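This report concerns only the one structure given below.
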Amino acid sequence: MKRIAIIGGGLSGTAAAWQLARDGQSEFVLYEASSRLGGIVETARVETEDGRFIIECGPDAWVTEKPWARELAIELGLESEIIASNDAMRRTYILRDGRLIPIPDGMRMMVPTQWASIEESPLFSEEARLAYRNEFQNAESLRQSALKEDVDESVASFVRRHFGEEVTHTLAGPLLAGIFGGDVERLSVRAVMPAFVKMEREHGSLIAALQRKQAAQTQSPAVFTTLKGGLQTLVERMQTALPSHAVRLQHSVHAITRRSGQWELEAQGTRENFDAIIVATPPHVTRQLLRALHEDIATFLEMESTSAIVVALAFSKEQSRGLTIPSGFGYLVPPSSTSEDIGNPQLLACTFVDQKYEHRAPKGTVLLRAFFGGSAAKALMGDADGRLIALARQRLAEALVPLPEPAVSLVRRWPLSLPQYAVGHVRRIERLEELVQTMSGLHLVGNAYHGVGLPDMVRQGRDAARKAVQTA
Ligand SMILES: Cc1cc2nc3c(=O)[nH]c(=O)nc-3n(C[C@H](O)[C@H](O)[C@H](O)COP(=O)(O)OP(=O)(O)OC[C@H]3O[C@@H](n4cnc5c(N)ncnc54)[C@H](O)[C@@H]3O)c2cc1C
């Protein structure tokens, strides 16, 4: 039997291991540096007098549009656990000058599908409204000047061409920072918004393209999907199907060598040989591991990653009676480019978890998840939990209502967790993959390549497992 190693037990690596176990055509070992599988996917289940809080420490859902996480959940027998976001409550706010202003109904990212909600929204100035109308009217000229195949630009530049400066700053900035933890001036539009690039090429106007799409659609499904008991359930289910001898927790791989067509891994003072390896570590680790093998591969992996800090605050039924939280999924904070923010870290976003999903908080309680990202997360990474909780509470109180000492609080730090898909990313990854293909039996998966979302992790992990068996 072929021997395959998987390095890194985040969702992508665990999905790869699960696929190998399911297919039963290879022997494999999954090396994970920490004491648990799941990586950034982690759920804390906290019992209180009011009942159980399901607190996501990292991701809280996957986008419904991409099928691969749902398919896996069904294969794992978790169909009855699958739940949709509470889209009847779907409203997200932008925090501006201390006030929460709702993003108008019917927006797809920064693109409106209903004129009326744009006209009435206090989020936009008359200038922004005019920019929206012009985008629709200038469809043909936008189509003619559309981004050519193989050409890339920043998200900011793309959105500015369509909707001007205000929409770029007020909406595109916070929305993209919320997903990619990144800066729209640097993020690649081809990598992070390929659907919009395609719409521009076909229709010029994004508004016109979405209007056509909507007319063709009968009913749109809920935007987010998750699992009642938390996303970690997915990992736990996969883990039970893995032979225990194949899972090596607290085994950090620190060297990879190529010897006589075999891959030799070094972890915890032991060396083992494999026919193929699936490297599912974050890109800064993958770069270190592969540097000695291929300098150019390591060079293509030189990408910046940003960090995130999650602070969850849960309030008892009694406390929650006095808390008036606006109705909706949460709010986003436009990234500020001013130097005033240095030494005055702001939140990136907050989710009103009890409203966004059923089954996450006992009835009548409030559960908030606050996020620090970008430069704030970097600056705060070394701070103690108590200071982070106090700061998150203060920021939330400025935007919402004064908050009492929470009944439950939790802090998770995710250093260098979100690789930045900078302008040129798609081409860079194509070239990286050309090089990887020259090294028989090497497979790279994870959030540095073709998407950061959970469905992409599942798809990549499973595909890499199938390829590793075929090509090793
Ligand atoms: C705060 C936050 C919120 C997010 N929210 C969402 C969301 O709601 N929806 C969504 O779809 N996506 C979300 N994402 C993105 C998504 O969670 C990640 O992209 C995804 O989980 C990454 O999976 P992975 O397998 O690539 O890597 P990771 O989860 O980073 O796993 C890598 C693993 O490799 C291990 N490792 C590292 N070095 C070694 C070594 N030398 N040897 C062995 N093992 C090693 C690590 O311990 C880790 O377990 C979020 C990300 C963050 C940070």
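Note that ligands are numbered from 1 as they come in the structure, with each ligand's atoms numbered from 1 the same way. Owing to the predicted nature of the structure, the values given are computational and were not obtained by experimental measurement.
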Taking a 3.5 Å cut-off between nitrogen or oxygen atoms, can you list every pair linking ligand 1 to the protein, with distances?
{"from": "ligand 1", "atom 1": "8 (O)", "to": "D60", "atom 2": "N", "distance (Å)": "3.2"}
{"from": "ligand 1", "atom 1": "8 (O)", "to": "D60", "atom 2": "OD1", "distance (Å)": "3.4"}
{"from": "ligand 1", "atom 1": "8 (O)", "to": "A61", "atom 2": "O", "distance (Å)": "3.4"}
{"from": "ligand 1", "atom 1": "9 (N)", "to": "A61", "atom 2": "O", "distance (Å)": "2.7"}
{"from": "ligand 1", "atom 1": "11 (O)", "to": "L454", "atom 2": "N", "distance (Å)": "2.8"}
{"from": "ligand 1", "atom 1": "19 (O)", "to": "N447", "atom 2": "ND2", "distance (Å)": "3.0"}
{"from": "ligand 1", "atom 1": "19 (O)", "to": "V452", "atom 2": "O", "distance (Å)": "2.6"}
{"from": "ligand 1", "atom 1": "25 (O)", "to": "L11", "atom 2": "N", "distance (Å)": "3.3"}
{"from": "ligand 1", "atom 1": "25 (O)", "to": "S12", "atom 2": "N", "distance (Å)": "3.0"}
{"from": "ligand 1", "atom 1": "25 (O)", "to": "S12", "atom 2": "OG", "distance (Å)": "2.7"}
{"from": "ligand 1", "atom 1": "26 (O)", "to": "N447", "atom 2": "N", "distance (Å)": "3.2"}
{"from": "ligand 1", "atom 1": "29 (O)", "to": "I40", "atom 2": "N", "distance (Å)": "2.9"}
{"from": "ligand 1", "atom 1": "41 (N)", "to": "S252", "atom 2": "OG", "distance (Å)": "3.4"}
{"from": "ligand 1", "atom 1": "41 (N)", "to": "V253", "atom 2": "O", "distance (Å)": "2.9"}
{"from": "ligand 1", "atom 1": "42 (N)", "to": "V253", "atom 2": "N", "distance (Å)": "3.0"}
{"from": "ligand 1", "atom 1": "44 (N)", "to": "A33", "atom 2": "N", "distance (Å)": "3.1"}
{"from": "ligand 1", "atom 1": "47 (O)", "to": "E32", "atom 2": "OE2", "distance (Å)": "2.6"}
{"from": "ligand 1", "atom 1": "49 (O)", "to": "E32", "atom 2": "OE1", "distance (Å)": "2.7"}
{"from": "ligand 1", "atom 1": "49 (O)", "to": "E32", "atom 2": "OE2", "distance (Å)": "3.1"}

| Sidechain N-carboxylate O distance under 4.0 Å for R369, D60 | yes
| request: Consider only side-chain N and O atoms of S12 and Q460, and report whether a donor and an acceptor are under 3.5 Å apart. | output: no
| Should the pair R258 and W263 be classed as cation-pi, given the thresholds of under 6.0 Å to the six-membered ring centre and 45° from the axis? | yes
| For the side chain of H251 and the backbone of L249, is there at least one donor-acceptor N/O pair under 3.5 Å apart? | yes
| Between the main-chain N or O of S188 and the side-chain N or O of D152, is there a donor-acceptor pair closer than 3.5 Å? | no
| Minimal non-hydrogen separation, Y93 against S327, with atom names | OH-O, 2.8 Å
